[in-house]
Amino acid sequence: MSAGVEVRVEGLSKSFGRSVIWSDVTLTLPPGEVSVLLGPSGTGKSVFLKSLIGLLKPEKGSIFIHDTDLVRCNEHRLYEIRKLFGVLFQDGALFGSMNLYDNIAFPLREHTKKPEAEIRDIVMEKMTMVGLAGDEGKLPGEISGGMRKRAGLARALVLDPEIILFDEPDSGLDPVRTAYLNQLIVDLNAQTDSTFLIVTHDINTAQTLPDNIGLLYRRHLAMFGPREVLLTSEEPVVAQFLNGRRQGPIGMSEEKDSEQAQREMAEMDGELAGLPPLKPQLDPSPGVGERKAVARRMQRVMDMMHTLPPAAQHAIQAGMSRQGFPAAPGGQSRHGLRADDTPTQQFPGR
Ligand SMILES: Nc1ncnc2c1ncn2[C@@H]1O[C@H](COP(=O)(O)OP(=O)(O)OP(=O)(O)O)[C@@H](O)[C@H]1O
Ligand SMILES: [Mg+2]
């Protein structure tokens with residue numbers, strides 16, 4: 001099975017005409033880890049995913065995969081690199097005139113020389129995996145939105161991708177199917193060690209699925225790092241987002257003017273600071289095996305521990321002892337740092 005690859009984004013900026021969508025986005029998707037991208041509607045999450053696979057061209061910055069800069073490489077190399085990706089677009093992007101079987105077989109027929117018998121095995125395996133066995137002959141127009149979503153997922157997985165991008169895989173799914181989907185993602189990750197980036201608006205997904213969370217906000221990547229950093233952040237925008245509140249810096253059509261946001265926060269009188277309790281991360285199903293990324297991430301997070309805010313450090317240590325790793329004694333990191341040595345989180349645009 002293929003192992004995940006690192007995706008390194010450096011100083012990426014994207015505009016359409018004179019409107020800047022986001023600028024100076026820098027992040028690394030660690031190999032084999034699951035990352036989630038959050039952000040208010042319209043902040044450019046889908047544009048970011050499309051940029052990662054070279055469908056949209058950012059004006060500035062680089063995207064490095066296997067030492068190739070996707071922003072600058074030639075068409076042939078881009079085509080090769082794209083084969084590493086499995087992508088679920090926000091709208092599913094199924095071909096309306098093809099039945100589900102042919103839709104899901106499409107990447108195999110397009111990119112491989114596999115015989116039809118082998119294609120059949122792969123398609124049936126993926127369709128069973130997403131609960132669509134028996135629906136092979138249906139057209140996308142004849143099935144529910146949630147089924148289209150799952151068909152899109154099956155199609156994204158047929159080439160055994162090393163990098164998996166899902167744009168709101170859980171939108172349009174009921175809570176039970178969302179729970180199954182999240183478990184499926186964890187199990188897939190354990191089986192393949194692929195690198196995941198998932199855009200979601202589902203707070204429960206953000207709390208339980210990823211190793212890392214990023215937040216796009218005010219045309220910047222406001223945060224990207226271990227999940228515990230965002231999930232324990234007292235930033236008003238994070239608290240508003242995680243609690244799904246109307247009061248806070250995020251408005252209906254765009255970001256509110258800061259005066260109104262300040263007024264609302266004063267009216268809430270400190271209540272905005274409250275965060276939902278941290279939930280444990282999902283484990284793979286029994287029998288699936290361990291996620292290889294867990295040990296790698298542990299090392300990575302330990303190395304950056306001293307740069308993280310105290311609340312995040314405590315949450316990481318609590319999570320480590322739950323997973324059976326020895327936690328550092330007395331709330332201190334292995335590096336002997338005290339909590340008050342840590343720098344506070346920087347939020348661009350505040
Ligand atoms: N091809 C395009 N040409 C011009 N503008 C575009 C194009 N694609 C996206 N945009 C604009 O970029 C902005 C970000 O869009 P995007 O779809 O990435 O938002 P999003 O964060 O995914 O939102 P949502 O959560 O609602 O899916 C929007 O203002 C959108 O109108
Ligand atoms: Mg989108």
Side-chain angles (χ1 to χ4, degrees), residues 7 9 11-27 29 34-61 63 70-71 78 82 85-94 145-146 148-153 155-156 163-173 178 181-182 185 196-207 209-210 212-224 230 235 237-246 248-257 347-349:
V7 179
V9 175
L12 208 64
S13 302
K14 178 74 197 137
S15 307
F16 290 110
R18 285 165 61 188
S19 110
V20 178
I21 306 302
W22 30 253
S23 60
D24 205 19
V25 172
T26 296
L27 63 85
L29 300 179
V34 178
S35 302
V36 152
L37 183 59
L38 302 174
S41 199
T43 44
K45 303 179 296 298
S46 297
V47 167
F48 185 71
L49 293 195
K50 286 175 187 163
S51 302
L52 283 188
I53 51 164
L55 278 183
L56 290 172
K57 215 159 190 63
E59 295 77 43
K60 267 197 260 173
I63 302 165
L70 252 70
V71 179
L78 186 59
R82 266 199 200 139
F85 282 92
V87 186
L88 170 68
F89 293 103
Q90 190 165 359
D91 54 10
L94 299 172
R148 276 196 292 276
K149 198 64 114 177
R150 285 183 281 142
L153 278 170
R155 192 177 60 182
I163 307 164
I164 294 179
L165 308 179
F166 287 162
D167 200 345
E168 301 192 24
D170 44 15
S171 75
L173 295 193
T178 301
L181 170 70
N182 287 346
I185 291 173
F196 283 71
L197 181 61
I198 298 163
V199 171
T200 184
H201 287 295
D202 187 287
I203 299 309
N204 187 57
T205 298
Q207 285 171 313
L209 187 61
N212 311 292
I213 305 182
L215 173 68
L216 271 178
Y217 179 61
R218 294 197 172 158
R219 293 173 193 80
H220 283 95
L221 186 70
M223 276 190 167
F224 185 84
L230 185 128
E235 282 297 328
V237 60
V238 173
Q240 183 187 8
F241 209 81
L242 293 182
N243 287 300
R245 289 198 184 112
R246 194 165 46 74
I250 307 167
M252 179 65 198
S253 58
E254 53 186 23
E255 283 117 28
K256 291 175 194 167
D257 68 74
F347 260 69

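Just so you know, ligand 1 is whichever comes first in the structure, and atom 1 is the first atom listed for that ligand. These numbers come from a predicted model, not from an experiment.
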Do Ser51 and Lys57 have side-chain heavy atoms sitting under 4.5 Å apart?
no
Give yes if a backbone or side-chain nitrogen or oxygen of Gly42 is under 3.5 Å from a nitrogen or oxygen of ligand 1, and no if not.
yes
Please check: side-chain N/O of Thr26 versus main-chain N/O of Gly11, any donor-acceptor pairing under 3.5 Å?
yes
Quick check on the Mg ion (ligand 2): does Ser46 put an N/O/S atom closer than 2.8 Å to it?
yes
Can you tell me how far CG of Leu88 sits from CZ of Phe166, rounded to the nearest 0.5 angstrom?
6.0 Å
Below 4.0 angstrom from a heavy atom of His201, which ligand 1 atoms are there? Numbered from 1 as shown, please.
25 (O)
Heavy-atom check, side chain of Phe89 versus side chain of Asp167, under 4.5 Å:
no
Within this structure, what is the CG-CZ distance for the pair Leu27 and Phe48, rounded to the nearest 0.5 Å?
4.5 Å
Please list, in number order, the atoms of ligand 1 under 4.0 Å from a heavy atom of Gly44.
14 (C), 16 (P), 18 (O), 19 (O), 20 (P), 21 (O)
CG on Leu221 to CG on Leu12, rounded to 0.5 Å
10.5 Å
On a heavy-atom basis, I'd like to know which of Lys14, Gln90, Lys45, Lys50 is closest to atom 25 (O) of ligand 1.
Lys45
Is atom 7 (C) of ligand 1 less than 4.0 angstrom from some protein heavy atom?
yes
I need the contact type for Ile21 against ligand 1. Using non-hydrogen atoms and a strict under-4.0 Å cut-off, is it side chain, backbone, both or neither?
side chain
Measure the distance from atom 15 (O) of ligand 1 to every protein heavy atom, then report the residue, atom name and distance (to 0.1 Å) of the closest one.
Val47 CG2, 3.9 Å
Is_contact(atom 10 (N) of ligand 1), protein non-hydrogen, under 4.0 Å:
yes
Please round to the nearest 0.5 Å and tell me the distance separating atom CG of Asp202 and atom CG of Asn182.
7.0 Å
Top protein contact for atom 5 (N) of ligand 1, by heavy-atom distance:
Phe16 CD1, 3.2 Å
Considering only protein heavy atoms, which is closest to atom 17 (O) of ligand 1, and at what distance to one decimal place?
Ser46 CB, 3.6 Å
Nearest-contact summary for atom 24 (P) of ligand 1 - protein heavy atom, Å
Ser41 OG, 3.5 Å
Quick check: do Thr205 and Thr178 have side-chain heavy atoms less than 4.5 Å from each other?
yes
